[in-house]
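The structure appears below as structure tokens.
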Amino acid sequence: MSAKIRLYVEHPLGAGQSVPLDRGQAHYLFGVMRMTVGGQVKLFNGTDGEWLADVAQAGKRAGVLTCVEQTKPLQMPPDLWLLFAPIKKARTDFIVEKAAEMGAARILPVQTDFTNSERIRQDRLQAHAIEAAEQCGGTYVPQVDDLQKLSRLLDDWPEGRQLMFCDEAEVGNALQLIAQGGARPRAEAERPPMGADGRCPAYRPGKETQPGSWAILIGPEGGFSEAERKRLHALPYSHVVSLGPRILRADTAAVAAMTLWQQALGDW
């Protein structure tokens, strides 16, 4: 019978490798899931792929697993960052979980002019990313950064990384993600021709498209300030997009934006 439980561990994985369990992991496997010696678990650590492991020792507070064989190689996500302004606790958790499931390589909470939250629990959000990877079958866990000011992040923006700026002020303007040969600068972007029905046709990238490094920026519940919008519109690597004719909640916008990007430039 194939192992149904997947567990993230911070330990090297390889054939015959012994993997010690901490107290929380031991409680989950042996106290909650009632596993015993001889049971099997799938392990991953974000670098060595997924491995099938046997339970070698089982105790209330500790245990040892032994790697048997690799069941899946490491599958890296696209080089995509998700930048978002933290909102209410449960909805921030939702954003992190869905970003991990949908293939973000890095998750960066940012403080904008209208961000309500001034602090986050980075360790708790990282734990949510790990749980999401365990449940969705991923072999990579995105890094969740601590909260930082958006202005400072833009000051130190890495060269070559494009930015998909989801501007709520563009609602009703059917802008599309511009992506040709790694994306064109914002100043060169043009509105695509409208179809017979008056709508903007969906973008269909050709084989020559090379997505490269990207980031998606989602604003806070109160939207972006005029100063932020002005700066973001002027950045040469910024690509302004609309997420449709209605203003979306921040957590909905994050899922919608990642869906659009993944379909156009990602690994879907």
Side-chain angles (χ1 to χ4, degrees), residues 79-88 91-92 94-96 98-99 102 104 106-120 145-180 182-192 194 199-200 202-203 211-262 264-265:
D79 188 6
L80 175 65
W81 296 357
L82 176 65
L83 285 57
F84 75 97
I87 45 180
K88 294 180 180 179
R91 289 166 60 189
T92 294
F94 176 88
I95 291 175
V96 170
K98 299 312 169 188
M102 298 180 72
R106 186 177 174 187
I107 303 171
L108 299 91
V110 294
Q111 188 172 25
T112 68
D113 290 344
F114 296 155
T115 300
N116 292 326
S117 177
E118 296 183 356
R119 61 179 61 89
I120 61 169
D145 288 14
D146 205 351
L147 184 66
Q148 58 186 308
K149 289 185 177 297
L150 174 62
S151 58
R152 186 174 302 170
L153 180 61
L154 294 177
D155 288 341
D156 299 327
W157 194 257
E159 183 178 357
R161 184 170 295 276
Q162 305 295 320
L163 177 65
M164 177 177 164
F165 168 36
C166 302
D167 186 358
E168 78 284 349
E170 295 291 345
V171 165
N173 294 329
L175 298 182
Q176 70 176 0
L177 174 61
I178 301 298
Q180 182 176 2
R184 289 184 289 167
R186 174 70 178 92
E188 298 178 14
E190 298 178 355
R191 294 180 186 272
M194 294 296 178
R199 296 184 178 182
C200 174
Y203 176 69
S213 300
W214 278 81
I216 295 172
L217 172 60
I218 302 296
E221 293 176 315
F224 294 97
S225 69
E226 190 57 34
E228 288 172 331
R229 292 186 63 251
K230 184 177 180 180
R231 181 181 185 183
L232 288 163
H233 274 261
L235 294 173
Y237 51 81
S238 177
H239 304 266
V240 183
V241 300
S242 167
L243 296 180
R246 291 165 292 277
I247 295 178
L248 305 179
R249 291 194 341 178
D251 46 347
T252 307
V255 173
M258 287 198 65
T259 300
L260 291 174
W261 190 93
Q262 283 282 25
L265 296 174

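Residue indices begin at 1 and follow the sequence shown.
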**Prompt:** So, Arg161 and Asp79, do they make that salt bridge, N to O below 4.0 Å?
**Reply:**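 Here Arg161 pairs with Asp79 in a salt bridge, since their nearest N and O are under 4.0 Å apart.
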
Results of side chain to side chain donor-acceptor pair (under 3.5 Å) for [X] - residues two or more places apart only:
| X | answer |
| --- | --- |
| Asp155 | Arg231 |
| Thr252 | none |
| Asp146 | none |
| Gln148 | none |

Give, for atom [atom1] of [X] and atom [atom2] of [Y], the distance between the pair rounded to the nearest 0.5 Å.
| X | Y | atom1 | atom2 | result |
| --- | --- | --- | --- | --- |
| Ile216 | Trp261 | CD1 | CH2 | 7.0 Å |
| Arg106 | Leu83 | CZ | CG | 8.5 Å |
| Ile87 | Thr92 | CD1 | OG1 | 5.0 Å |
| Lys88 | Asp251 | NZ | CG | 10.5 Å |
| Gln162 | Trp81 | CD | CH2 | 12.5 Å |

Excluding sequence neighbours, so at least two apart, what forms side chain to side chain contact (heavy atoms under 4.5 Å, CB included) with [X]?
| X | value |
| --- | --- |
| Ala99 | Leu82, Ala104, Ile107, Met258 |
| Asn116 | Glu221 |
| Gln262 | Pro78, Asp267, Trp268 |
| Ala85 | Thr112, Thr115, Pro220 |

**Item:** is_close_aromatic(Trp214, His239), centroid dist under 6.0 Å
**Value:**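 Judged by ring-centre distance (under 6.0 Å), Trp214 and His239 do meet the cut-off.
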
Can you give me the closest heavy-atom contact between [X] and [Y], atom names plus distance?
| X | Y | answer |
| --- | --- | --- |
| Ser225 | Phe114 | CA-CE1, 3.6 Å |
| Val110 | Leu147 | C-CD1, 3.6 Å |
| Pro109 | Ile120 | CG-CD1, 3.6 Å |

**Item:** Results of ring pair (Phe, Tyr, Trp, His ring centres under 6.0 Å) for Phe165 - residues two or more places apart only
**Value:**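 With neighbours one apart ignored, the set is Phe224, His233.
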
**Asked** Is there a side-chain contact (heavy atoms from CB on, under 4.5 Å) between Trp157 and Leu235 once you walk through the steps?
**Response** CA-CA 11 Å; Trp157 194 257; Leu235 294 173; over 6 Å; no

**Asked** So do Leu150 and Leu217 actually touch side chain to side chain, heavy atoms under 4.5 Å?
**Response**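 In contact.
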
**salt bridge (Lys or Arg N to Asp or Glu O under 4.0 Å) partners for Glu226, two or more places apart** =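 Partners of Glu226 by the salt bridge (Lys or Arg N to Asp or Glu O under 4.0 Å) criterion, ordered by chain and then number, come out as Arg229.
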
**Message:** Going by the rule salt bridge (Lys or Arg N to Asp or Glu O under 4.0 Å), which residues pair with Asp113 if we only count those two or more places apart in sequence or in a different chain?
**Reply:**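 Per chain and number, Asp113 pairs via salt bridge (Lys or Arg N to Asp or Glu O under 4.0 Å) with no residue.
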
**Request:** Sort out for me which residue in Asp167, Val240, Leu154 forms a side chain to side chain contact (heavy atoms under 4.5 Å, CB included) with Leu232.
**Result:**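 Only one option passes, and that is Leu154.
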
